[in-house]
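In what follows, a single structure is set out as structure tokens and then discussed.
The basis for the numbers below is simple: all heavy atoms, side chains too, and nothing from hydrogens, waters or symmetry mates.
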Amino acid sequence: MGGCGWSRKEPAGVRSETERMAFVGTWRPSFGREAAAAVSKRARGNRIGTVRCLQGLPFGHYSGLAESGLASGDVFSPHGTKREVIEVQVELPLGIVLAEVSGGIYIAAVKPGGNADLRSTGKIKVGDRIVGTSAAFGSATWPSLSLERVLMALKTRYKGEVTLLIERAGLAHDIYEPNVEDAADLAKSTVVLLDSTKSELEEQVRNALRSFVELRNAGLSAIGTLTFLLQRSAELLKKYSKERGHAASVDSLYRKLKRAGVPLDNKIYNLLMTAYINTRAPEKAISVFQEIGSPNTECYTSLVKAYRKLNRLEDVLAVKSRMESDRVPLSVITYNTILSAYAERGDFESVENIFREIGARHLVPDAGSWNNRMNAHFKAHRGRAKLEKVRDIYKAMRLANVAPNKFTFTIVVSACVECGEIELAENCLEEMADSGVQPDTFIYNKVVEGYADHLRYESALTLLEKMSANGDARPNEYTYGQTIRACAAAGHEEIAHPLLETMRDRGFKPSAQVYVTLLRAYAKRGNVVSSFRLVQEMKEAGFDPDVRTMSALMHACVESNDGALAVSVYSRMVQLRMKPDVVSYTTLIRAYGKRGDTEMALRAFNAMKKERIAPTVTTFNALIELAMHGKQTQLALEALREMNNTPRVTLNRRTYELLCNSSCFENSPKDYVEFLMDVLKVLQESKMYGNGQLYCELLGACSLASDSISAKTVLEHRRTGVFNISGKDKALASKAEERAAVINRSVAKLRSFC
């Protein structure tokens, strides 16, 4: 019978169980004897349980397509679903990716914005099957017998348009709809895919999932579709892992795969766990692990990472013990994950034990292992010990022929900067260049921070310029902020302010701290006009004045000797209901000192203590400065006594400079000697030592007053350890002693003569 009737009759020639199963519950067209033979041949050759027909010819007969003048038309699937073959003209370059599966050529991906996406006369879709292309020469059409032949035809036509004959199915488009009986057939397939965007991957997964369900419900093999589905799901999970805040998207994908009954392998489970961990949902990664039948090393490692994220060190060790009891081998990555859990806590002893265990298991520690070891010591130690430990591990790492990576140099540079060894940090940058490791923005920022700490503003500007010309490590807000700090701290606000404008011009929004840093630089110079102007800029940028801002304005007024204006700023701060801090009160005391108003200064000091704001050494220095300028020596001694009795407050060199103020005793050197001896007594009351400044000033005052008795007493105090002379004061102390000896000899001669 040659019509187009429908029959459930199994086609002749279908003999294998696989072929029989492919036709269960499906319709097939009846084409007559010749067509039936072709159907049988197609089923035996490719084990495909669907038959496609165009103009009475089964698609199994590709020979003669060019001669028959193949054109667009309609075909019908065995399910009665309409299929069509359309003719599409596309300009070169096409912007498509082809896949050859089981002898068919399919559109695996369409590049967004490419000619196939935007300029084709018919919309090309992923999953379309190419059954014909323009011939290499002329206007003929070639059948698509192989991927090589299609590529040859397309490459030969290096410009102009090409014609594609595309078969499109009414079923869900899936490039793997043709059945692949086993994995061996799939391994022979050639599949090349684009680096798809997240939205494209989500669409591909939806289509593949729909196709998988339809093929399975139809009783057809879906191995190829499943492989593609898992591959695309894996790529999508990797995308989710790179972008935070996609835990809900991971939930949705996982739920759909489970609901569709997709068999998941360890690779997908591991990617699911990784995605949850990276999207800040480690507890969900733990739940996923519970559903894995036979977890492998990678899955266990992800479980360790999840517990590490939750800071559950006991569970990390429990997973390690379970792996050992289940005889699942621990990899170097597993050990590195365990090492990182201890390293974050600074538990370098445990890190050292685990590091040795890696070698005992006949594994070779990699850069990650060494980095975790280094990081543990970095977090555990302080000062020079930190730098020495980090450098020792770095040297051992190089001796072990393990190449340092970017994280290695990040730790080393950070240790150098924190210990004030900016030159060593610069050497690290040179070593990075020699090792072929490109510094990132974080490493450069650390070096800029070191330059700011050492007031090396020119070096900071040079590095900023280098980063601006670098395509990989571009400067960010922190880079500009630290460079501005370097210029401001070095007293070059005339460079810092234009740099602030450059920062804004390049699209970076300065933080409030950047503005305050520059404001303090103006305040230190007493530049009141620029300080108020900068506060106005802050308000325009959306930063309302706060306590730090107002305190800096007060400081600017004090440094410009305008105590009244500083008090006015403080009053405005109170009106705005800002709670003064220790800096505000200290600056207010200095402001009253500039006005010579001792009473108000003491009121501010008492109000500060009433608010339970602990005064600092700077606060006490402000009181001592006020007292000495007013020649109120008893007040200065009382401030010194209270300072010594205040916890966590220690005299600094500025304190001694203020106390050793001879201008208060211009006409009475003996009174000056008496005052300094009283200072020494106050220090001794608190079991404190006098420093080199006080020692030299006392000897000098004794010389001026020709007081040999007091000079001998001071020299005796040094011999008994009452003074603690630092290295920088020893040379001055020796000269002061020589002058005192001369005075003593002169006084002795004078008394002998009398």
Open item on the list: Suppose the criterion is ring-ring contact (aromatic ring centres under 6.0 Å, His included): which pairs have a residue in residues 599-643, not counting sequence neighbours?
Closed with: Phe605-Phe620

TODO: Identify whether the distance between the nearest side-chain nitrogen and carboxylate oxygen of Glu625 and Arg654 falls below 4.0 Å.
DONE: yes

Open item on the list: Do the side chains of Lys309 and Glu344 get close enough for a salt bridge, i.e. N-O under 4.0 angstrom?
Closed with: no

TODO: Could you pull out the closest heavy-atom pair between Ile443 and Met432, with the gap in Å?
DONE: CD1-CE, 3.6 Å

Task: 4.5 Å side-chain heavy-atom contact, Thr598 and Gln632 - done: yes

Under 3.5 Å, which donor-acceptor pairs do the side chains of residues 486-495 form with other protein atoms, sequence neighbours left out?
| unit_1 | atom_1 | unit_2 | atom_2 | d |
| --- | --- | --- | --- | --- |
| His492 | ND1 | Glu494 | OE2 | 2.8 |
| His492 | NE2 | Tyr457 | OH | 3.3 |

TODO: Tell me, please, whether Phe378 has Lys389 positioned over its six-membered ring: NZ or CZ under 6.0 Å from the ring centre and within 45 degrees of its axis?
DONE: no

TODO: Taking ring-ring contact (aromatic ring centres under 6.0 Å, His included) as the test, write out the residues that go with His377, two or more places apart.
DONE: Phe348, His381

Open item on the list: Going by the rule salt bridge (charged side-chain N to carboxylate O under 4.0 Å, His left out), which residues pair with Glu449 if we only count those two or more places apart in sequence or in a different chain?
Closed with: Lys446

Task: Side-chain ion pair, Asp347 and Arg345, N-O less than 4.0 Å - done: no

Task: Counterpart residues, ring-ring contact (aromatic ring centres under 6.0 Å, His included), relative to Tyr480 (two or more places apart) - done: Phe508

Open item on the list: Going by salt bridge (charged side-chain N to carboxylate O under 4.0 Å, His left out), name the residues that satisfy it together with Glu430, two or more places apart in sequence or in a different chain.
Closed with: none

Task: Electrostatic pair Asp707-Lys712, nearest N-O below 4.0 angstrom - done: no

Open item on the list: If the condition is salt bridge (charged side-chain N to carboxylate O under 4.0 Å, His left out), which residues does Glu638 pass it with, not counting sequence neighbours?
Closed with: Arg641

TODO: Using ring-ring contact (aromatic ring centres under 6.0 Å, His included) as the criterion, list what pairs up with Tyr342, not counting sequence neighbours.
DONE: none

TODO: Please report the closest heavy-atom contact between Ala705 and Lys670, naming both atoms and the distance.
DONE: CB-CG, 3.9 Å

- [ ] Taking only Lys NZ, Arg NE, NH1 and NH2, and the carboxylate oxygens of Asp or Glu, determine whether Glu421 and Arg391 approach each other closer than 4.0 Å.
- [x] no

Task: Residue pairs fulfilling ring-ring contact (aromatic ring centres under 6.0 Å, His included) with at least one residue in residues 563-601, sequence neighbours excluded - done: none

- [ ] Identify, with sequence neighbours excluded, every residue that meets ring-ring contact (aromatic ring centres under 6.0 Å, His included) alongside Tyr451.
- [x] none

Open item on the list: Quick test of your reading: applying salt bridge (Lys or Arg N to Asp or Glu O under 4.0 Å), list the pairs with at least one residue in residues 604-619, sequence neighbours left out, ordered by first then second residue.
Closed with: Lys609-Glu642

Open item on the list: Taking OH in Tyr689 as the centre, count heavy atoms belonging to other residues, nucleotides or ligands within less than 6.0 Å. Is the count above 12?
Closed with: no

Open item on the list: Test of understanding: with salt bridge (charged side-chain N to carboxylate O under 4.0 Å, His left out), list the residues that count as partners of Arg718, not counting sequence neighbours.
Closed with: Glu737

